[in-house]
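Chain naming here is simple, since letters A, B, ... match the order of the sequence lines and numbering starts at 1 in each.
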Amino acid sequence: MYVAARVDEEKCNGCKLCILTCPDPNVISIDKAKNIGINQARCKGCGLCVVACPKEALTVS
Amino acid sequence: MIEQKVVTPEQLFFEAEREEQFITGSEAIREAIKSANVDMAISYPITPQSESMHLVGDIFAEGYIKEYFRGENEFAVMSSVAGAAMAGVRVFTATGGPGTLRAFEMFPTWSGSRLPIVCAFMTRGINSPLTIQPDTLEMAYMLDTGMLMLHAENGQDLYDMVLKAFVIAEKPDVHVPVGVFADGFFVTHTRDKVNIAPADMKLPSYNPNCAPVPAMDMETVPFRQMRDPFVMKSNFISYAAHASWQQEILAAAERARKYIDSLLGGLIEVENEDADILIIASGTAVSQSREAIQQAKSEGLSVGLVKIKSLRPFPTEQIRRLAAKAKAVIIPEFNRVGWLCREVKTAVDDTTKVVGAPRVFGGMTMPPQLIVDEIRRCANE
Amino acid sequence: MSLRILKPTAEFADLLPKEYQELVENGPYHEQKGISDLGTFKEIIEEHPHCAGCGVALGVRLVAASLPAPADTLIIGTPGCSFFGLAQTALNYSNTAFGNQNAVASGLKRMLKIRYPDRNKDVVVLVGDGGIADIGLDMTLHSWLRRENITTIMVDNEVYGNTGGQESGMTKEGQVLNMAPEGKKFPKIPVFELARTSGCAYGARVTVASPRKIGEAVKKAILVAREVGPTYVQIYTPCPTNLKFPPDQTVKVAKDAEAGYYSFEEFISPEAQEYMQKTTKAV
Amino acid sequence: MSKKTSIRMSGLGGQGVVTAAHILGNAAFKDGLVSTVNPFFGAEKRLAPAESYVRIDTQSIYERGEVLFPNVIMIFHPHVITMGKCYTMPFFDGLQENGIIIANSEEVPQLGDDDLAKLARLNAKLYYFSATQVALDVGGTELASNMAMLGALLGVKPLVSSKSMKEALMERFGGGRFVASGTTAALDDELKGKYEKISELIEQNMEVMEAAGSAVKEFVI
Amino acid sequence: MLESKYQVLVGPEGYLPPAAASMGVTLPEKGQALVEGSIVSEEEAIEKIAQKILEAKNPFLFPGPLLLWDWKEGVAEKAKAVKELADLAGTRIIPMPDYRPKYPMINPAVEINPNHPNLTIWHNKIDFCLFIGVHCHYANVALKIIRGGTDCYTIALCGEAGHEDAMISLRDVGLAQLASLTEAVARLKGVAGK
Amino acid sequence: MDRVQRPVEASQLLFESERAPAFITGSEAVMEAIKRANVDMAIAYPITPQSESMHLIGDLYAKGYLKDYYRAENEFAVMAAIHGASLGGGRVFTATSGPGTLRAMEMFPVWAGSRQPIVCAFMCRGVSLPPSIQPENIEMGMLLDTGMLMLHAENVQDFFDMLLKAYLIAEKPDVHLPVGVFVDGFFVTHTRETVMLPPDDLKLLPYDPENSPVPVFDMETPPMRITRDPLLNKSNFISYAANASWHQEVLAAAERARKHLAQYLGGLLEVENPNAKIFIAASGTAVSQGREALKDLLDAGLDVGLIKIKSIRPFPVNELQEATKNAELIVVPEFNAGGWLAKEIKATLNENNRVVAGPRVFGGMTIPKELIISEIHNALNRQNQRL
Amino acid sequence: MNKSIFKITPCFEDIMPDEYKELVESDPFGKGLGVSQLGTYKELLEEHPLCAGCGLALSLRLILASLPNPEDTVIVGSTGCSALAFPQVALHNIHSVFGNQNAVASGLKRALKLRFPDKVKDVVVIAGDGATADIGLDMVMQSWFRCENITTIMLDNEAYANTGGQESGMSPQGTVLNMAPKGKKFPKISMPEIARESGCAYVAAISPAQPKRLEKMVRRAILTAREVGPSYVQIFSPCPTNYKFKPQEMVARIKQREKEGFFKSKEYITTEAQEYLAGLEEGKKDE
């Protein structure tokens, strides 16, 4: 029952919509190269980022 | 406004030459606040408190206070005062009776937050039935709020206690609110001689950096700071934090004892302590007792008097010691329930010698004769 | 009420003090009385200890004369000048703690609906400005938001009169009063506008300079409250004592205000409008 | 002499420790035993530590509140042990002599030598198994993990009859209103949504319990 | 003043012991200090701290936010003095960066929190600790919990009036007291070294 | 409504009808009690740990057991609205906790002074600050002098019975005062245990406002000129005397409640092992914890008894003096920092140095029986040393 | 605050836990960061214990990222779900009791003006719908009447969530929730309109589904409060737990409610505030 979001780097275009939809702080980050990083330990797996992602680059498992 | 210079509390209280004035209790409050270097005061009307806060408004207009406004109700006033105190300023407010009860939730909150607020309570009866007359019942409700509680006998006491309350409240090891209680009308509206410190002197300002908790101003570390945190998870660890926090509030009141001793000359005042019959009282009941003792004396009865100035902290050991020597202890009170009698009985070993009478309420005064009757009864037993 | 309870027990009828006998014989309970009948019937307020020229006393008297069904009206008040007169009213009157009147009225109205499902029991709140706009604002607004079937009437003297003349939320901006030593720093609270936003089906703003308007507004407000929803009437009742004008000037002060910032205003919801038309026709 | 069994269930919010305690206590009540159940929760949310307490006896039980000295400790989530997500430190604090620990954990619970020595001194028994896996395999939902934990308990210590257990389940899920926090009520709906009929839910849960009873393994301290 | 016989000794004192102030322990006046509930001279207390710190198996310093953040003049110097003391006495340092309750998220290996200081003490098996730079209220809450549930010897170096619930407490602590403490540690260490 | 209910005499419902066991929480017990109490109206406001019980009262309303129910805007407003509803002559119920009690504080003496037979359940919890939702009963210490009657329930069974009985006592014409039924939050509200319930097709007779010592407020009862409550605040002796007499009448009403408490609750206190030399005296959950300690102490051969105080207002002064006549040690465990019960007991007894004010637990923890046992041993040691 | 005070005392840098080091190295203080930069710096909110998919948590996170001067902002909250996250905010924040937040903020703001006459200290109230529209309505409105220079933000999740899902004044009419067993009997309180009538110079309603617009409104509200008068922002923040929808549907839920006409983003600005904001926004463009 404890799951977390994962990002498919291939699909992600770094639009940051996931960051703006995540209810938890300091979970999804982005670096200068527009790589999305997810702090798995802190993710609650709600799935809002999955729904928000236009590229279907996120999954919760 | 007179130009004021900052002096030490000791200078202001004990060294400066005082001037005798013939004023009411409400005016004594004004005089105390003038010298107290208060930053901010918030008011709300309720009889018999209103006059004092009008007068505080007047000295705001004269420049003695930097900010003043009328809040929307007592609960809101006590909340706003808390907000101001958290921001690190010295604040004052006052209320009475139903106002005290309306704001009740805030008082344990003040102590829990370690706010050195000084609030004057001009006690009166509480509903129902509605009355605006003197009655000290509200003090019974307040005993476990964690606030320090001083009870003024007269205008002079009210003046000194309000002024000194700021100094006691702000000691870093105390730093809890102080309620200064005065019996409505009997003190607030009675004109009497009061010795006032010079108007050109005032207390040093409050220093929030010496507080046991950080000021909420984003200028004090730590930055991540919540006043006051939820230590309310259900686990032993949180319980222990919560319990220790409460114990620390009780400890703060204990630490106040030495400051009450040095600034107010003790938690109690005793006259003729070796007498067989002792009267123990606080507030206006002390004055009535003084008259009764005079009368009793003329009848050849020797009666001692214990005036309790501080109800929280309570002079438990002193009372136990004094009562042990007496044959009878009379406790006159201005309320129907006899809360002071309960406190005293809790402190003494032999409760059978404690007489909880007379009790007057509904707004009447307590004729000294009523107390004399009790004295005679005790003397004849 | 059942008028039976207004009937003195035969054996004791002649023992009743005169004021009660008059009330029984010539009170406003039996037939509809109104503002225009004042002076011809025994008023339900026996007397009052208000100051000479008191606007609040006048306002309270006019409201009492405008009740559409005094025999089934219960008034809830609160501490303040208004209750001195109301305590002498030949109605059920209650005040408890300062500012809680609309909460008390909510509970009372609902209980009376339970106990008398087939009868109208008009619950009317009649309170000063401090009680409604300051300390009791929350409970006033929430009774409106919940759409309680009660009428709220404010006698607005723009000051805490009873505690010695402090500035209230309804005081005019700039006015110097106790607790506003540098003058009040914000405008009058727009309770009238808030009444509309908060769900009142009818609202009126009047002054004691227009007694007939008070009569109409109070009647409408109480009728609408029976069936449609909460209603509000705000009456300007100037205070000669604390605002320091001669007692004979109360109505003039009110009249001047009416010409200016206290102009007559009224709003009514379409539903209330429809209901009023129906009731008037029925009458 | 009293034969009181005091059980402490430690888990995370959302795992059904409150529900499990309720069902166990209710089953004991139906068996004619004396039982009290009390959950403790603060203003916590899902995944925060949650604890529930059941006391079962043949005589009157008076005390209430947290079980400080349990005979049985049930660990619903390995984080209770590894991340200290419980209300006492360490998680077996207060365990009585000959006490029992049952942990929902695929592997042997990670315990330091000190801790193992302490447990050995108490002559404690330590059981473990993946209740979540059993719940998924047999019940088809991880929400039945709490049932698996109860099954394991009955497997090692048959405190109540299976008949009463079934009745208690029926009462809990078979309509009527159960009083719990809002979150529990929400989860209830989710659970009910997974089964077509309540009877199916009950049967499945009974099967989960049975399977769990045989799946549980003892770690010899 | 009442004579208190209450001693503030190493715990665990048990379930919810009262605050030492409620048992009659009073705070010292200027120039004095508290050792185990009794008022002594500041010098004596400093000596005792030095002794205790060197006796300890696993001593720790807990600096609080008033010292961890370089927020006003004088902090850096004081911090440096504390660091020197720690180096000399061979104690480790664990910070208390703020006061928010962090349970159960706290990492007791690297931080301490006033609402549950026992977790850090248990985790690191600390038998001696010294608080400095903590707001008095939070220090008192922490000291009480430590005395209630652990066997750690507690020292509170206070910039204000001191702390009854610490086994040793100095008041009005500034650079001078820190220097004397360091000096005492150096001296005792020298003795021990011989 | 689940079933048609028949109003019956209180004695039938409470004492004669056969009871069946149910395994329920304290919150559910509130619902079961109100279901049988023929309550007209309830008003709710959320606060933990009280909310569940008022949710369940809402369910009763939805099923038709109550005629009106709503959520009000805050606790002060709830207590004011309940006051209004009670003025209107019906039977009412509400509940609150800790900070909610304090927010509404001004209304409780108003209820009493106004002679209203309101029944309110208090699910005690810590009061701010710092905020706590956990069990602690300091709020009771603050309500002692409101004029309300105060019953303290030990467990879920007590809670059920006391709530129903509270209406009977509150509504006696010679009493007619509000009754607060207090329980320790969570320890009782959220604990599930066996409770014996009378059938739910019976309910109390309705409240009859015409038997009230004050006129009901409905414009159907003379006199029509009635002010609830009058302004007795003119500054003259006549008003003072009226005000004081009114207050005395409120105190007197509480005194008159004693006989009804004896009838319905079997006394204001209960004593186990009355000839003991050592007593545990407590109220609420502390009694239960005391019972566990008692078992162990008796097993260990100590001469210990237990006093359960059920009524805090009126306080069982004579009963307590009688029960402790020969006691040498009285230990008072409490769930609060102030120790209000110990204070009450000390103020009641002579030679009150026999009273040990503790152990006190607060912050949310339970009182383990071990703590009570060690308090007794410590006190005995002290006494021995003195001898 | 003076930025120079936000630094770790040199000799303790190595012992500070990572989260504080990160905060100091990558803080948002004095840098003019906003919602667009989220994910690239250490947020003021460290973590929170709220439910997965909590709309209120998302709103809170966005508000904190929108503060124009976080280094000089003090927050006042109230009892409720949001209060559970507050201890984790790296700003001074106050929880007093339920519903008194605007009264506390009034006292606080005036005291801060006294103590720091030459500095702007933003006082921002962030509280739930129960605290703002029910139990605290009086104090909220009175702070507006008094023209206090504070910003009030309501996190509207349309229920008392923390106490187990009771109906609040902001619940939609007809909703069945605890304490409204037959459905809520009156409409959602029109707080934005009440705010406008009660003297707010700037009023807005928004949801976290529009993060950039939310940011703009929060900033405008805070800036207006500094100079012109009180301001109010109402943020629709759905609660998956009590309204029983799946956490991942939170944003979809906002859109659905928008479509049904129950929620609408709006903005009321007084002429004075309009001019003031235009001046500021103009100035910003010039930079």
Fill in: Part of residues 24-33 of chain G lying next to chain B, heavy-atom separation under 4.5 Å
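Only Phe29(G) of residues 24-33 of chain G have a heavy atom under 4.5 Å from chain B.
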Discussion item. Sub-4.5 Å heavy-atom contacts with chain B: which residues of residues 56-72 of chain G show up?
Written reply: Pro70(G), Glu71(G), Asp72(G)
Item to complete: Can you tell which part of Ala215(B) gets under 4.5 Å to a heavy atom of chain G, answering side chain, backbone, both or neither?
Response: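 Contact with chain G: backbone and side chain both.
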Worksheet item: Tell me, side chain or backbone of Pro214(B) under 4.5 Å from chain G's heavy atoms, or both, or neither?
Response: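 Pro214(B) has no heavy atom closer than 4.5 Å to chain G.
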Sort [X] into side chain, backbone, both or neither according to what part of it lies under 4.5 angstrom from a heavy atom of chain B.
| X | value |
| --- | --- |
| Ile75(G) | neither |
| Phe6(G) | both |
| Lys119(G) | side chain |
| Gln88(G) | backbone |

Worksheet item: Got a second to check how far Leu112(G)'s CG is from Met86(B)'s CE, nearest 0.5 Å?
Response: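 Interatomic distance, Leu112(G) CG to Met86(B) CE, rounded to 0.5 Å: 12.0 Å.
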Worksheet item: So how far is it from Arg224(B) CZ to Glu19(G) CD, rounded to the nearest 0.5 Å?
Response: 5.0 Å
Beyond-backbone contact of [X] with [Y], side-chain heavy atoms, under 4.5 angstrom:
| X | Y | value |
| --- | --- | --- |
| Lys121(G) | Met216(B) | no |
| Val97(G) | Met106(B) | yes |
| Met218(B) | Leu91(G) | yes |

Return the minimal non-hydrogen interatomic distance between [X] and [Y], and the atom names on each side.
| X | Y | result |
| --- | --- | --- |
| Ala111(G) | Val89(B) | CB-CG2, 3.6 Å |
| Leu114(G) | Asp39(B) | CD1-O, 3.7 Å |
| Met226(B) | Ala83(G) | CE-O, 3.7 Å |

Discussion item. Restricting to salt bridge (charged side-chain N to carboxylate O under 4.0 Å, His left out), what partner residues turn up for Glu22(G), sequence neighbours left out?
Written reply: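 Expected list: Lys42(G).
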Worksheet item: Would you say His92(G)'s side chain and Thr220(B)'s backbone share a donor-acceptor pair under 3.5 angstrom?
Response: yes
Item to complete: Heavy atoms only, distances under 4.5 angstrom: which of Leu108(G), Asp138(G), Val74(G), Val76(G) has the most pairs with chain B? Name it, please.
Response: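 With the most close heavy-atom pairs to chain B, the winner is Leu108(G).
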Fill in: Among Gly107(G), Ser96(G), Gly136(G), residue most engaged with chain B (heavy-atom pairs, under 4.5 Å)
Gly107(G)
Practice prompt. Tell me the residues of residues 65-82 of chain B whose non-hydrogen atoms fall below 4.5 Å from those of chain G, in number order.
Written response: Lys66(B), Glu67(B), Tyr68(B), Phe69(B), Arg70(B), Gly71(B), Glu72(B), Asn73(B), Phe75(B), Ala76(B), Ser79(B), Ser80(B)
